Amino acid sequence: MKITLLAIGRLARSPEVELVKLYVDRASAAGRALGLGPVEVVEVEARKPGKAAEAEVLRPHLEGAHVIACDEHGAARPSRAFAAEIGRLRDDGVRRLVFVIGGADGLDPALLAAAHGKLAFGPQTWPHALARAMLAEQVYRAVTILAGGPYHRD
């Protein structure tokens, strides 16, 4: 199952970009034997401001995918539950899983309504660069959990 982290906006060279790359590369390598991956990051930009314009540039990347929107009103999941969800989607035959991170104002309501699920990173507000890094790390952690690797909570 291919996993995409789809985000509005392009990050400049920064420590967060390096973290995202590190975890995406690790998840892709570790997930290969599990039928997970490759993991990729796709960054898009809208030509006009606003959620509707952002939704327009996101939609082509969502066709035929199981979509989980990152949204403050979504469910915060423990890492094991997050891993179990990814494993279940893979086992159910989902070929593409896309996590969507919106712009500064969040995601368009229609896009949110069409998503298969919503994921929150807790009640705090996080900068988008950190949200990408946290999502990439959780995808990597999910892969390692599904692979049966040691987990600090055991």
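Predicted, not measured: the structure shown is a model, and the values here were computed from it.
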Is it possible for you to say whether [X] and [Y] belong to one hydrophobic cluster, with membership spreading through side-chain heavy-atom contacts below 4.5 Å?
X     : Y      : answer
Leu89 : Leu135 : yes
Val94 : Ile68  : yes
Val41 : Leu130 : yes

Is there a donor-acceptor pair closer than 3.5 Å between any side-chain N or O of [X] and the backbone N or O of [Y]?
X      : Y      : result
Lys51  : Asp105 : yes
Asp71  : His73  : yes
His66  : Val98  : no
Ser28  : Gly37  : no
His116 : Val67  : yes
His61  : Leu6   : no

- Output all residues satisfying side-chain hydrogen bond (donor to acceptor under 3.5 Å, both in side chains) with Thr144, sequence neighbours left out; order by chain, then residue number.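 With neighbours one apart ignored, the set is empty.
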- Message: Just to verify, what does Glu72 make a side-chain hydrogen bond (donor to acceptor under 3.5 Å, both in side chains) with, not counting sequence neighbours?
- Response: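 Partners of Glu72 under the side-chain hydrogen bond (donor to acceptor under 3.5 Å, both in side chains) test: none.
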[X] side, atom [atom1]; [Y] side, atom [atom2] - distance, nearest 0.5 Å:
X      : Y      : atom1 : atom2 : answer
Leu58  : Asp108 : CG    : CG    : 9.0 Å
Glu56  : Arg47  : CD    : CZ    : 10.5 Å
Met1   : Leu97  : CE    : CG    : 4.5 Å
Asp91  : Ile86  : CG    : CD1   : 12.0 Å
Asp92  : Glu85  : CG    : CD    : 10.5 Å
Met134 : Leu119 : CE    : CG    : 9.0 Å

- Query: Can Arg59 and Glu63 be said to form a salt bridge (charged side-chain N to carboxylate O under 4.0 Å, His left out), step by step?
  - Reply: CA-CA 7 Å; Arg59 274 194 192 92; Glu63 291 181 26; over 6 Å; no
Minimum heavy-atom distance [X]-[Y], with the two atoms named:
X      : Y      : result
Lys118 : Leu112 : CE-O, 3.9 Å
Ala69  : Ala115 : CB-CB, 4.0 Å
Cys70  : Phe121 : SG-CE1, 4.2 Å
Leu19  : Ala133 : CB-CB, 4.1 Å
Arg90  : Leu34  : NH1-O, 3.0 Å
Ser79  : Gln138 : OG-OE1, 2.8 Å

- Residues Val139, Phe99; criterion side chain to side chain contact (heavy atoms under 4.5 Å, CB included); working and verdict: CA-CA 10 Å; Val139 168; Phe99 292 95; 4.1 Å; yes
- Query: If we only count heavy atoms from C-beta on, is the Val143 to Val39 side-chain gap below 4.5 Å?
  - Reply: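 When only atoms from C-beta onward are counted, Val39 and Val143 do not touch, as no gap falls below 4.5 Å.
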- Task: Find out whether Val24 and Glu40 are in side-chain contact, i.e. whether some heavy atom of one side chain is under 4.5 Å from a heavy atom of the other.
- Result: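 Counting from C-beta outward, Val24 and Glu40 never come under 4.5 Å.
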- Message: Around atom CZ of Arg10, are there more than 12 heavy atoms from other residues, nucleotides or ligands closer than 6.0 Å?
- Response: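 Yes.
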- Counting only heavy atoms not in Arg88, do more than 12 sit closer than 6.0 Å to its CZ atom?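 Atom CZ in Arg88 is packed in, count exceeds 12.
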- Message: Could you walk me through whether Arg132 and Leu5 satisfy the side chain to side chain contact (heavy atoms under 4.5 Å, CB included) test, starting with their C-alpha distance in whole Å, then the side-chain angles of each, then the deciding distance to 0.1 Å, before giving a yes or no?
- Response: CA-CA 8 Å; Arg132 289 181 207 187; Leu5 313 183; over 6 Å; no
- Task: Check Val100, Ile101, Ile8 against Leu107 for a side-chain contact (heavy atoms from CB on, under 4.5 Å) and give me the one that passes.
- Result: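 So the option named by the test is Val100.
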- Message: I want to check a possible cation-pi pair here: Arg77 against Phe82, using under 6.0 Å from ring centre and within 45° of the ring axis as the test.
- Response: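 No.
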- Before giving the answer on side chain to side chain contact (heavy atoms under 4.5 Å, CB included), spell out for Glu45 and Val57 the whole-Å C-alpha distance, their side-chain angles and the decisive distance to 0.1 Å. CA-CA 7 Å; Glu45 291 189 40; Val57 297; over 6 Å; no
